[in-house]
Number of protein chains: 2
Amino acid sequence: MGTGAAVMDNLSMRISARADYAVRAALELAAAGEDTSLKAEAIAEAQGIPHKFLEGILGDLRRGGLVISQRGGKGGYRLARPADSIPIADVIRVADGPLVSVRGVRPPDLSYIGPAESLLPLWIAVRANVRKILGEVTLAHVAAAKLPDDVLSLADDPEAWTNP
Amino acid sequence: MGTGAAVMDNLSMRISARADYAVRAALELAAAGEDTSLKAEAIAEAQGIPHKFLEGILGDLRRGGLVISQRGGKGGYRLARPADSIPIADVIRVADGPLVSVRGVRPPDLSYIGPAESLLPLWIAVRANVRKILGEVTLAHVAAAKLPDDVLSLADDPEAWTNP
DNA sequence: AGATTTCCTATCGAATTACTAGGGAAGTGT
DNA sequence: ACACTTCCCTAGTAATTCGATAGGAAATCT
């Protein structure tokens, strides 16, 4: 579980508890295999996620078509597709909902004037780049601890781990 | 304005009003030139930013060493350094805090277990990527509407402007 | 002095986030 | 039929954050 500084945050890019929990739950399912069902309680236990909170998130994953559920004694959740066909981006999107915004306004609706005119293409570029990574890396990659080389090389740069 | 996709859905990437306003104010100063002072009210007017709100943001930029202020009749704000030596990342960080966070915690302070172990390097890679762009593009680039080629090519990909 | 403009503190409502509570619906084994 | 399990749904809530506003003190110019 993530223990550490309870500092302020929230800047240009932030991954919410919901998104983080959703990905970790999906990874647990990926590790169990496409044909094995896990109960919400077991996932919550394994990843240290509040169980009732997780239930809501798993509901989102189900409605998003990423996960299949079954109730009753032998019930639980399992992945709807092979883990190598589910990018991390999908999980985050389904759990966290529509959420690309500048000041709560969607980019196409922004009007920048004067010297700020080129700001929009910049935001778009950043977003495209983030999506390139999270759309390329799948649950299978992370669960097997085998990230694609280009992603790994980004993370290997020592400067990437420093503060600001 | 381009009314392209109505739902610019996607990953949890959000630029706060504070960060957006801070960058736009800095761009206005960049356009004015390093030696020209602009009054907060003038910047607020030019960019359509609530003037009292902007005052607080400019205070942050000053404390962050990006801007120099002068009070009194001929006072105002001006850049502390040449516009081509101030990356957008610096402005956002100073105005809004760290650039990327997971659940309010900065990536290096997270700890993951089980199949989620490789999540940390993934977040680090994403963060490094965001930093690469926003650390490369300066106020001068945006104010002159001349983004670096590699950034421009990312934004030019039509798919970058569409939905999931 | 008098006008101007930054600077500081304090407050506010609305929204969002991360969770909690309780109970009903659907499925399973005896 | 019955008990038990597990998902499913709706509400609520405490804490924080966000965007914005107000009033006035301190500095600087003419």
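So you know, we letter chains A, B, ... as the sequences are listed, proteins then strands, and number each from 1. What you see is a predicted model; the values in this text were computed from it and never measured.
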Open item on the list: Using whole Å, what does the distance between atom C1' of nucleotide C:dA18 and atom CD1 of A:Ile57 come to?
Closed with: 9 Å

Task: Pair B:Lys132 + B:Asp150: basic N to acidic O under 4.0 Å - done: no

Task: Heavy-atom donor-acceptor pair, A:Arg24 side chain to A:Gln47 backbone, under 3.5 Å - done: yes

Open item on the list: Just N and O in the side chain of B:Tyr21: are any of them under 4.0 Å from OP1 or OP2 of D:dA20?
Closed with: yes

- [ ] Identify whether any heavy atom of A:Gly76 sits under 4.0 Å from a base atom; if not, whether one sits that close to sugar-phosphate; answer base, sugar-phosphate or nothing.
- [x] sugar-phosphate

TODO: Starting at atom CG of A:Asp60, determine the distance to atom C1' of D:dC8, rounded to an integer number of angstrom.
DONE: 12 Å

Open item on the list: Is A:Arg62 close enough to D:dC8 that one of its side-chain N or O atoms is under 4.0 Å from OP1 or OP2 there?
Closed with: yes

Task: Check: A:Leu79 and A:Val67 side chains under 4.5 Å, non-hydrogen atoms - done: yes

- [ ] Check whether any side-chain heavy atom of A:His141 sits under 4.5 Å from a side-chain heavy atom of A:Val151, and report yes or no.
- [x] no

Open item on the list: Between the base of C:dA25 and the side chain of A:Arg71, is one N or O donor paired with an acceptor at under 3.5 angstrom?
Closed with: yes

Task: Min side-chain heavy-atom separation A:Leu147-A:Val142 under 4.5 Å - done: yes

Open item on the list: Between C1' on D:dC7 and CG on A:Leu61, what's the gap in Å once rounded to a whole number?
Closed with: 14 Å

TODO: Between B:Gln70 and A:Gly75, just flag the one whose closest nucleotide in DNA chain C comes earlier from the 5' side.
DONE: B:Gln70

TODO: Name all pairs fulfilling the salt bridge (charged side-chain N to carboxylate O under 4.0 Å, His left out) condition that reach into residues 28-57 of chain A, sequence neighbours left out, sorted by first residue then second.
DONE: A:Lys52-A:Glu55

TODO: Scan residues 30-55 of chain B against DNA chain D and write down, sorted by residue number, each residue with any heavy atom closer than 4.0 Å; if none is found, say none.
DONE: B:Pro50, B:Lys52, B:Phe53

Open item on the list: If you compare every side-chain N and O of B:Ser69 against the phosphate oxygens of C:dC7 (OP1, OP2), does one of them come in below 4.0 Å?
Closed with: yes

